[in-house]
Amino acid sequence: MPDSEKQKRETATNRLLDLLRAKEMSATPQEQNDSERASAPEQSPSLVENIQSESAPHEPASEAIRGEFPRDLFDMKTPIGKMRFSTRMVNSLGNILNQSSQMITIHMDGGTLNMLEFRHKKGQKVVTKLESISLPLLDGETVIEDDPGLLDYYLNKFVTDQKDKGKYLSFSSDRLQTATKGIFSEKLKSAEYEELVKWTVNKHLPIKADRAVVDFKVLPALNGNGKKQCLVSACDENDLLAYSDIFQKRGLKMRQVSPYSILLWKLFVHNYPDRKNRNNIIVYLGQKKSTVIIVKNNQLIHSRKMNMGTSDFTQAMTQRFVENNQAIQLDKKMAEELLFKYGIRENENSTVPENGINLNKIYILLRPVFDKLVSELDRSFAFFKKEDKELELGDVIFTGPGSAIPNMVQFLGEELENNVELLNPNRQNTFAFEGGEFSPDHYVKYALNFAHALNALPPVNLMEPAQRQSEKYLFRSNVALAVFSILSPIILVSTLLAYVGNISLGNTLTERKSEWVNTSNELKNFHAMANDIEIWNAYVHFLNNDRAYSRNQIKMLQFLTNIVPADIKLIGLDFELLNTAGKNDGNSLGKSSQLTLKGVVDSPVSMADIKLTNFVMKLENEPIIKQVTSKVDDLGKPGDRLFFNLAVVF
């Protein structure tokens with residue numbers, strides 16, 4: 001809205017406050033004793049009971065005050081359908097391997113501890129417990145008034161079961177000094193990114209580098225410009241150790257610590273994939289601090305913290321004001337009840353039924369704080385525009401406990417002159433609830449708990465480096481263990497089968513070896529017999545003095561020398577005496593000789609068969625030769641010679 005109009009509105013509001021304070025001073029002096037105060041007119045029993053100067057410690061409550069929640073703004077639009085069964089099963093398997101199938105998320109904000117616990121069931125996250133306790137808290141005779149004491153009390157009382165101590169534990173707190181910065185650069189090497197991160201922490205983040213726990217994530221390039229975004233987050237180590245020591249003392253291990261900006265970014269990207277191509281402003285209205293981020297193309301571009309929250313509204317309502325000529329001062333607890341039940345009601349002349357307080361006077365008390373909140377949001381938007389001159393601001397999406405104040409979001413939309421809505425942390429139907437659905441005020445109150453529970457490993461994790469390193473490789477080691485557990489039985493069975501097979505092969509080899517030994521002895525005897533037979537044949541010829549046999553051999557060689565043509569080459573001759581006794585072959589001695597001719601036709605393949613046939617026919621026509629039997633080897637590739645084997649009986 002224009003600055004002139006804001007100034008006019010603030011001036012009018014301050015003038016009304018001055019008039020009320022002046023009236024209050026004239027009607028009831030500040031130094032009013034107890035007896036005078038007791039004599040004042042009694043408006044209602046509940047009013048006298050709740051009007052106090054200080055808030056008393058109270059027992060921990062399981063739920064915050066429920067008011068008239070602006071359900072018309074909690075529009076789920078077109079809900080994204082449930083994930084496919086196969087996808088849910090893969091995610092469940094991943095959570096099991098990362099030891100996060102059961103998870104406890106703790107978020108501390110402005111003296112309030114919110115806890116969400118869930119487990120995986122049939123591929124879906126089932127929320128089993130939602131709890132909330134706030135300060136100040138009475139534990140026996142001890143009054144707990146600080147966040148570490150509240151956390152220690154909760155862990156000691158509610159996380160006592162040994163199975164709970166083994167669950168995945170995620171934590172965030174507004175008391176942790178954190179800062180996040182996104183920087184764009186060309187693609188760099190790992191060592192260069194580390195140097196860039198150190199430079200960013202020293203120059204841009206309000207945490208000293210010597211006590212900063214730093215983590216970063218390199219994101220893909222935007223709009224194809226080649227530049228990658230490096231998202232850097234840092235946390236004060238002293239703040240982190242103050243909480244991690246509490247977990248260690250209770251036997252618990254804190255596995256995930258994330259700043260608000262990272263959690264809001266992750267929560268929005270998961271639930272609003274259909275708004276990827278738009279500029280989105282997400283505002284978390286916390287108890288004491290608020291966070292504003294810009295998400296563009298699913299990347300966290302800018303983030304800023306504001307030191308304002310719902311406590312500023314309740315603090316404003318604890319100011320003294322005059323009602324029916326009586327000075328009234330609400331305590332913190334009642335101010336919170338009225339704030340979340342009736343919210344911001346401009347020009348509302350009706351009264352609170354319980355105590356008769358005029359709602360318009362409450363609005364007058366709240367208006368300066370509301371104007372300051374609008375001014376801080378405008379400053380944040382102006383800061384983002386200064387950082388990125390081409391940035392176009394889109395719709396504003398609110399979440400956090402401050403979003404549950406009735407009419408708050410509507411009024412902010414009118415003042416900011418922008419479209420507003422509430423962030424739905426279960427738009428993807430990621431979570432189911434034991435015992436039925438929860439109301440939308442649980443969604444805004446436990447928004448960051450839902451962000452913690454989305455997945456086990458966030459993009460940025462601000463734990464101690466050594467512990468973060470062990471978490472980094474936990475999933476891989478469990479995958480390796482799972483693979484080994486699957487493969488080890490197969491390896492054992494294969495080894496056993498191989499051992500049995502080796503034994504069987506050894507026995508077979510022994511049998512074959514014994515058979516070979518026996519065969520070797522028989523072969524030795526056979527070769528000895530063959531040599532003896534050859535010697536015996538020679539000896540028989542020697543005894544017979546078969547000179548005719550020898551002369552016939554010589555004559556046959558002379559005959560072949562004259563008859564063999566030039567292109568027939570003989571390469572082997574073998575004489576053998578055939579026993580033809582009993583046959584009427586004209587040989588009075590009853591014996592015939594056989595000559596085995598081995599040779600090759602030295603001629604091209606196309607003519608080799610013809611020349612060999614002519615040679616065989618020539619042999620058969622000789623009177624001395626009785627019979628010729630030929631055997632021709634198969635030809636090989638073109639160009640090979642023709643080999644032959646002729647059995648000539650003469």
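Count residues from 1 along the sequence.
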(request) Please assess Ile106 against Leu169 for the test side chain to side chain contact (heavy atoms under 4.5 Å, CB included), listing each intermediate value before the final yes or no. (result) CA-CA 8 Å; Ile106 296 177; Leu169 189 59; 4.2 Å; yes

(request) Could you walk me through whether Asn280 and Tyr272 pass side chain to side chain contact (heavy atoms under 4.5 Å, CB included), step by step? (result) CA-CA 10 Å; Asn280 305 277; Tyr272 293 84; over 6 Å; no

What heavy-atom pair brings [X] and [Y] nearest, and what distance separates the two atoms?
X: Leu373; Y: Met306; value: CD1-CE, 4.1 Å
X: Leu412; Y: Leu285; value: CD1-CD1, 4.1 Å
X: Leu267; Y: Ala447; value: CD2-O, 3.6 Å
X: Gly182; Y: Gln229; value: CA-NE2, 3.8 Å
X: Pro425; Y: Leu423; value: CD-O, 3.3 Å
X: Ala179; Y: Ile207; value: N-CD1, 4.2 Å

(request) Under the side chain to side chain contact (heavy atoms under 4.5 Å, CB included) rule, what do Asp147 and Asp174 come out as? Steps first, then yes or no, please. (result) CA-CA 10 Å; Asp147 281 8; Asp174 63 333; 3.9 Å; yes

Would you say the side-chain atoms of [X] pair up with the backbone N or O of [Y], donor to acceptor, closer than 3.5 Å?
X: Asp236; Y: Asn238; result: yes
X: Asp215; Y: Leu462; result: no
X: Asp109; Y: Thr112; result: no
X: Glu131; Y: Asn114; result: no
X: Asp139; Y: Thr142; result: no
X: Asn298; Y: Val269; result: no
X: Glu145; Y: Leu150; result: no
X: Ser290; Y: Met308; result: yes
X: Asn418; Y: Gly394; result: yes

Check: [X]/[Y] side-chain N/O donor and acceptor closer than 3.5 Å:
X: His452; Y: Ser172; answer: yes
X: Thr128; Y: Arg119; answer: no
X: Arg250; Y: Asn156; answer: yes
X: Thr178; Y: Lys305; answer: yes
X: Asn449; Y: Thr105; answer: yes
X: Thr180; Y: Ser303; answer: no

Does a side-chain heavy-atom distance below 4.5 Å link [X] with [Y]?
X: Tyr243; Y: Arg175; value: yes
X: Ser233; Y: Ile262; value: yes
X: Phe171; Y: Leu151; value: yes
X: Ile282; Y: Val292; value: no
X: Glu434; Y: Val127; value: no
X: Phe450; Y: Asn426; value: no
X: Tyr446; Y: Leu130; value: yes
X: Asn407; Y: Gln410; value: yes

Salt bridge [X]-[Y], side-chain N to carboxylate O under 4.0 Å:
X: Lys249; Y: Asp152; answer: yes
X: Glu421; Y: Arg275; answer: yes
X: Lys332; Y: Glu337; answer: no

(request) Could you go through the side chain to side chain contact (heavy atoms under 4.5 Å, CB included) check for Glu192 and Leu196 one step at a time? (result) CA-CA 6 Å; Glu192 293 173 333; Leu196 180 62; over 6 Å; no

(message) With rounding to the nearest 0.5 angstrom, report the CG to CE distance, Leu116 to Met103.
(response)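 Leu116 CG to Met103 CE: 9.0 Å, rounded to 0.5 Å.
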
(message) To the nearest 0.5 Å, what is the distance between CG on Leu454 and NE2 on His270?
(response)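 Interatomic distance, Leu454 CG to His270 NE2, rounded to 0.5 Å: 5.0 Å.
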
(request) Identify the residue among Ile397, Ile281, Val396 that makes a side chain to side chain contact (heavy atoms under 4.5 Å, CB included) with Val420. (result) Val396

(request) Taking ring-ring contact (aromatic ring centres under 6.0 Å, His included) as the test, write out the residues that go with Phe381, two or more places apart. (result)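 For Phe381 there are no ring-ring contact (aromatic ring centres under 6.0 Å, His included) partners, ignoring immediate neighbours.
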
(request) Evaluate the salt bridge (charged side-chain N to carboxylate O under 4.0 Å, His left out) criterion for residues Asp274 and Arg427: first the C-alpha distance (whole Å), next the side-chain angles of each, then the deciding distance (0.1 Å), finally the verdict. (result) CA-CA 11 Å; Asp274 52 334; Arg427 188 167 179 249; 2.9 Å; yes

(message) Set out, in order, the CA-CA distance, both residues' side-chain angles and the distance that settles side chain to side chain donor-acceptor pair (under 3.5 Å) for Ser311 and Gln287, then state yes or no.
(response) CA-CA 5 Å; Ser311 60; Gln287 296 283 1; over 6 Å; no

(request) Not counting sequence neighbours, which residues clear salt bridge (charged side-chain N to carboxylate O under 4.0 Å, His left out) with Asp395? List them please. (result)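 Asp395: salt bridge (charged side-chain N to carboxylate O under 4.0 Å, His left out) contacts with Arg278.
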
(request) Kindly indicate, with the supporting measurements, whether the criterion side chain to side chain donor-acceptor pair (under 3.5 Å) is fulfilled by His107 and Ser173. (result) CA-CA 6 Å; His107 170 57; Ser173 172; over 6 Å; no

(request) Not counting sequence neighbours, list each pair that qualifies as a ring-ring contact (aromatic ring centres under 6.0 Å, His included) and has a residue in residues 283-305. (result) Tyr260-Tyr284, His302-Phe384

(request) Run the numbers on Glu376 and Arg304 for salt bridge (charged side-chain N to carboxylate O under 4.0 Å, His left out), then give the verdict. (result) CA-CA 10 Å; Glu376 283 295 319; Arg304 183 175 184 265; 3.6 Å; yes

